[in-house]
Amino acid sequence: MKIVNSWNEWDPLKHVIVGKADNCCIPPPEPATDPKIPKDSDMKGMHGPRPHDTVDKANEQLDGLANILKKRGIKVDRPTPLDFNQKIATPDWEIGSMFGCMPPRDVILTLGNEMLEATMSYRSRWFEYLCYRPLLQKYFDEDPEMKWESAPKPRLTEKSYRTNYLNEGISDEQRLEMVKRKEFVTTEEEPLFDAADILRMGKDLFIQNGFTTNLKGANWIQRHFKSHRVHILNFPGDMYPIHIDATFTPIKPGLIINNASRQLPEDQKKIFYDNDWEIVDAAQPAHNEPPPLCYSSVWLSMNVLVIDPKTVCVEASEVYQSEQLDKLGMEVIPVPFRDAYPFGGALHCATTDVYRDGKCEDYFPNQS
Ligand code: DAV
């Protein structure tokens, strides 16, 4: 039986993995996380298991999302949480805890009949793939065509990170300059990527080069998916370029919403314009700040889950984003989800595709 098939972000969704908040921890500091946590964040200096009541509330909303999808006939699977509050180590390093298994989008990339475990780029997330192994094993057993792959596990020694990247003493202006110069917290020591930096659009893969994915990681993906075309994207307005899915969100063939404060540079827009794609500014978020103890920005408003080219799940309080997508001709399904944000993101982050109808198409035939 065919179980795994997904070539893009919009074809009709039939089977999906939705994350869980159980046992989620705020990991102790590590080389990659200081620059990830904004200076004024309430998370500075905090680590340990997240409070039980916040875990319960997040799980309620994650279950709510799962139920909404199930009611629409979409099959939903869930990962198996570990005890994340335990020390992990490799021969090169150790860290006091892991992170969690709320955002499957970060860890597993589904392309066609393949599910690929990303290298990840934080030490605390090194073993996160284990939460998905029971599912991947099952798909492998049941679908004779399913390809199960794992990218080379990274060493993540000090050499994989820039040492001058601490927040202390670096102003916002300096940080923006560094991002513009493409000086990110991760170095080019070894291939690194998080799956949530990759947008799948048929034959073309668009990959953000930033804190969590380096050029070697993108190059590894290009060599791995030989018949695809990989394009590197940069969003110089983003001081913390981590994952593409609150920055640049395809809605259906021909239409992308782009975070207005993280514009794609003109030269990188060319391929979209040359193929009659429209890039519109995303609506403003409805909130001025993220919920407490949240890694992500208010732009989770645009981290929507497209379930077919006419239907999209949007966080229920994100009224401006809903209104915009409604005007763009989409049916909007409101999903209460803000309590899950602190656990690693919104509706796109919280899911990863197993099956979408459709095949690999060429949406960008004009390329110079
Ligand atoms: O805008 O904070 C969040 C992306 C989560 N996967 C942001 C990026």
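In each ligand, atom 1 is the first atom listed, and ligand 1 is the first ligand listed. What you are looking at is a predicted structure, and each value in this text was computed from that prediction instead of being measured. Starting from 1, each residue takes its place in the sequence as its number.
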Inset, instruction - Would you mind checking if Glu145 and Lys2 are paired as a salt bridge, meaning a charged N to carboxylate O distance below 4.0 Å? - result: yes

Inset, instruction - For Ser296, take its heavy atoms, then give the atoms of ligand 1 lying under 4.0 Å from any of them. - result: 2 (O), 3 (C)

Inset, instruction - Answer yes or no: is there an ion pair linking Lys138 with Asp77, defined by an N-O contact shorter than 4.0 Å? - result: no

Legend entry - NZ or CZ of Lys153 within 45° of Trp126 ring axis and under 6.0 Å: yes

Legend entry - Residue-ligand contact Gly345/ligand 1, heavy atom below 4.0 Å: no

Inset, instruction - Decide, yes or no, whether a salt bridge links Lys269 with Glu266 under the criterion of side-chain N to carboxylate O below 4.0 Å. - result: yes

Legend entry - N or O contact, His243 vs ligand 1, cut-off under 3.5 Å: yes

Legend entry - Salt-bridge criterion met for Arg105 and Asp194 (N-O under 4.0 Å): no

Inset, instruction - Return yes when Cys349 approaches ligand 1 closer than 4.0 angstrom through a heavy atom, no otherwise. - result: yes

Inset, instruction - Consider ligand 1: state whether an atom of it lies below 4.0 angstrom from any non-hydrogen atom of Arg262. - result: yes

Inset, instruction - Return yes or no for this condition: an N or O of Asp245 is under 3.5 Å from an N or O of ligand 1. - result: yes

Inset, instruction - May I ask which of Ile242, Asp238, Leu300 has a heavy atom nearer to atom 8 (C) of ligand 1 than the others do? - result: Ile242

Inset, instruction - Flag this pair as yes if the NZ/CZ of Arg229 is under 6.0 angstrom from the six-membered ring centre of Phe364 and inside a 45 degree cone about the axis; otherwise no. - result: no

Inset, instruction - Under 4.0 Å from a heavy atom of Ser297: give me the atoms of ligand 1 that qualify, with their elements. - result: 1 (O), 2 (O), 7 (C)

